[in-house]
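Naming convention: chains lettered A, B, ... in sequence-line order (proteins, then strands); numbering from 1 in each chain. None of the values given here were measured: they were computed from a predicted structure.
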Amino acid sequence: MKLDEFFVTGDPLIYGADVSIALTLIGAIFVLTYFKKWKWLWTEWLTTVDHKKLGVMYIIAAVLMLFRGGVDALLMRAQLTVPDSSFLDANHYNEIFTTHGTIMIIFMAMPFLIGLINVVVPLQIGARDVAYPFLNAVSFWTFFMGAMLFNISFVIGGSPSAGWTSYVPLAGLELSPGVGQNYYLLGLQIAGIGTLLTGINFLVTILKMRVPSMKLMQMPMFTWSSLITMVIIIFAFPVLTVALALMTFDRLFGSHFFTMMDGGMPMLWANLFWIWGHPEVYIVILPAFGMFSEIISTFARKTLFGYKAMVYSMVVIAGLSFLVWVHHFFTMGAGGAVNSFFSITTMLIAVPTGVKIFNWLFTLYKGRIRFTTAMLWSLAFIPNFVIGGVTGVMLAMAAADYQYHNTYFLVAHFHYVLISGTVYACFAGLYFWYPKMFNHRLNERLGKWSFWIFVAGFNLCFFPMYFLGLAGMPRRIYTYGIGDGWMSLNVLATFGGVLMGIGFLILVYNIYYSFRYSPRETTGDPWDARTLEWSTPAPVPHYNFAHLPEAKGHDAFWIMKEEKKQGKAPEKKPYKPIHMPSYSGVPIIMSVFFFIAGFGMVFSWHWMSILGLIGVLATMVIRSFDYDKGFYVSVEEIEETEKKTTL
Amino acid sequence: MSNNEQTNSHSHFPWSHLIGFGLSIVLTLLALWVGFASDFSFRTIMIIVVILALIQAAIQLLMFMHITESDSSRIQVGTILYAVFIAAAIVAGTIWVMSFGMHNMNM
């Protein structure tokens with residue numbers, strides 16, 4: 001292979017990216033060396049098994065990926081603003097919408113939510129760590145290495161260009177001969193390992209590590225939504241694993257699972273992809289629902305309305321989510337009976353979702369509402385998500401879908417549910433739990449600027465797309481003619497997209513500004529909140545709770561505070577040594593080997609993939625014979641820490 | 001703090017894991033042989049492979065998943081019922097959905 005085949009050449013945008021990647025790397029290495037931070041980075045962060053630090057790393061990675069995916073989005077908008085634009089060529093445009101979709105779903109939405117789950121859920125259930133802390137680190141690092149493998153594709157070897165759904169035969173060897181599609185397969189496969197491990201880890205954590213006094217039906221709603229999400233992950237992700245493996249075999253080893261010839265079934269890929277893909281939609285929306293529940297309840301100063309209805313509707317969603325997948329390919333033409341069945345199940349899922357919307361409205365009803373930034377995101381979510389949901393029911397009608405499908409109507413629909421659902425929730429959750437992570441709040445003034453600009457931009461960008469879709473503009477085209485009459489709405493959409501970009505930049509600036517100027521927290525409870533994570537002091541000690549808290553009902557921390565007001569102070573008990581897991585370098589090293597193996601497979605350099613897999617196996621053996629059972633935090637250290645923290 | 005209660009049960013040699021691992025490999029090789037090298041009819045092959053898969057699933061649950069060791073049987077039963085439901089929905093659903101236009105293929 002020649003060097004100019006290895007590196008992507010010929011496009012000034014890519015050269016720009018090369019330069020910025022090189023400069024960022026050099027800058028990071030320089031800063032770390034200059035301030036002598038390498039050892040600190042390794043011992044405090046890269047080897048950590050602390051759920052709070054892993055959560056923070058997830059969120060940092062997700063924000064980086066949001067930037068990358070957002071740049072992709074703006075490039076697409078730039079291309080589509082005017083007809084017959086020659087800013088991007090057809091292939092480059094295909095690559096960009098493919099990476100935009102894949103990155104936003106797999107490497108932005110999921111890690112952002114999993115990051116917040118990591119930080120918050122163990123604290124909410126009164127646990128000192130997750131059930132399998134080592135596994136948690138493996139989860140993060142395999143996700144991170146999978147994401148990196150996918151991301152380098154655009155400078156080394158070429159990006160995938162068959163859409164984030166990668167339908168065959170387009171994604172097959174004949175029509176996508178380059179290495180791009182291999183990056184997609186291997187990147188997702190490696191990141192998928194991490195997601196599956198997270199599913200198992202948090203399922204066990206929530207079921208087994210709660211403080212003994214907390215019953216299932218007393219868990220905070222975010223914990224409940226995480227539990228249901230983990231169940232869906234455990235059942236949905238193996239399907240993706242198998243589907244990716246089969247396509248990898250097709251592309252690398254000449255098998256015929258999805259090929260046009262020799263008995264392959266191309267549509268089976270679409271079928272398997274969406275058996276995973278539809279539950280995936282609920283994997284990224286249910287934790288968002290949970291966060292909105294917490295935030296709305298906190299800032300309406302009321303306990304959540306219809307707790308049981310909320311839980312049961314999520315259970316129903318978890319069941320139904322596996323019965324609707326065909327609505328993603330009604331137009332395959334599987335027949336009237338099949339389409340009618342999946343049409344009805346799809347419409348049914350609107351019922352439990354509607355129940356949840358009403359519950360949030362009734363929680364707000366007669367509440368004493370505080371309009372913080374986190375609350376604003378949650379309030380904006382309700383009307384915007386309803387627009388997305390209602391158009392979803394329109395798309396659910398199989399007969400009507402023949403008209404809507406593959407147009408911008410669909411694009412508008414899923415951005416309305418994913419952005420106003422998941423992305424608003426990520427921002428709301430970030431503002432809400434930021435003081436738990438970094439011991440200071442994000443600036444509210446900047447936060448509100450960013451909120452209004454982003455929300456206005458979002459609606460300006462995507463609402464016109466419904467009408468573009470109805471006017472017949474197909475998705476995934478790189479340009480259109482002046483005679484099509486789509487220009488004015490496209491200009492509006494691009495304007496909205498730019499506003500969203502500005503909103504995001506203000507958020508990033510806010511992170512820097514608040515780090516410099518925000519006052520540090522003096523209590524662990526800045527919002528007068530209701531659940532146990534706010535009962536921890538500021539900053540949260542690495543063992544979370546010196547004494548395990550007691551949960552006496554819903555909103556356990558609220559009950560504690562009420563009792564304190566009535567003068568019932570909890571008696572002071574002596575501290576006991578706390579057992580904690582040791583940090584380990586094995587997860588990151590194992591994941592680097594996964595990366596090497598994946599990179600080798602992408603280029604069919606089998607010596608390299610075998611070497612990488614041997615490394616993976618070796619690190620597993622090392623872990624198996626590791627008899628380190630953790631350590632005890634001494635009573636003196638606990639006393640010292642508790643004195644320093646403020647409560 | 002998570003693992004210290006469990007460490008005692010791991011101190012002996014993990015025979016059940018090893019036997020389960022060996023049996024899984026044997027069953028997989030058997031399925032491969034039935035699929036590639038045997039002279040059974042297509043129907044027989046499918047039946048044998050499905051039976052072998054069910055046996056292997058049972059081995060996984062018994063040898064690796066500690067299904068008999070837990071006291072929280074309600075959660076176990078619930079999870080297994082849900083798993084059976086999902087598996088049935090995926091397999092039966094896929095066959096139903098993908099059987100369109102199958103009349104011109106040799107199946």
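- Checked against the 6.0 Å centroid criterion, the rings of B:Y82 and A:F235 qualify as a close aromatic pair.
- Heavy-atom distances place both the backbone and the side chain of B:A83 under 4.5 Å from chain A.
- With a 4.5 Å cut-off on non-hydrogen atoms, A:Y627 does not touch chain B at all.
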Walk me through whether A:M267 and B:V97 qualify under side chain to side chain contact (heavy atoms under 4.5 Å, CB included). CA-CA 10 Å; A:M267 277 314 288; B:V97 171; over 6 Å; no
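- For a residue to count as touching a neighbouring chain, one of its non-hydrogen atoms must lie under 4.5 Å from one of that chain's; by this rule A:V338 touches chain B with backbone and side chain alike.
- Annotation: A:F253, atom CZ; neighbour count of heavy atoms from other residues, nucleotides and ligands within 6.0 Å is above 12.
- Heavy-atom contacts from other residues, nucleotides or ligands closer than 6.0 Å to CE of A:M217 number more than 12.
- Heavy atoms only, all atoms of each residue included: B:M98 and A:N271 are closest at SD-CB, 3.9 Å.
- The neighbour count for B:F64 CZ, taken as heavy atoms of other residues, nucleotides or ligands under 6.0 Å away, is above 12.
- With rounding to the nearest 0.5 angstrom, the CD1 atom of A:I234 is 9.0 Å from the OG1 atom of B:T79.
- More than 12 non-hydrogen atoms from other residues, nucleotides or ligands lie less than 6.0 angstrom from CZ of A:F631.
- B:I86 CD1 to A:L323 CG: the interatomic distance, rounded to the nearest 0.5 Å, is 7.0 Å.
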List the steps, then state whether side chain to side chain contact (heavy atoms under 4.5 Å, CB included) holds for A:W276 with B:I90. CA-CA 10 Å; A:W276 160 79; B:I90 291 174; over 6 Å; no
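- Proximity to chain B (any heavy atom under 4.5 Å) is restricted, for A:L207, to the side chain, taken from C-beta onward.
- Neither the backbone nor the side chain of A:Y543 comes within contact range of chain B; no heavy atoms are under 4.5 Å apart.
- Using a 4.5 Å cut-off between heavy atoms, A:A318 touches chain B through backbone and side chain atoms alike.
- Within a 6.0 Å sphere centred on OH of A:Y402, heavy atoms belonging to other residues, nucleotides or ligands number more than 12.
- At a 4.5 Å heavy-atom cutoff, A:V204 makes no contact with chain B through either its backbone or its side chain.
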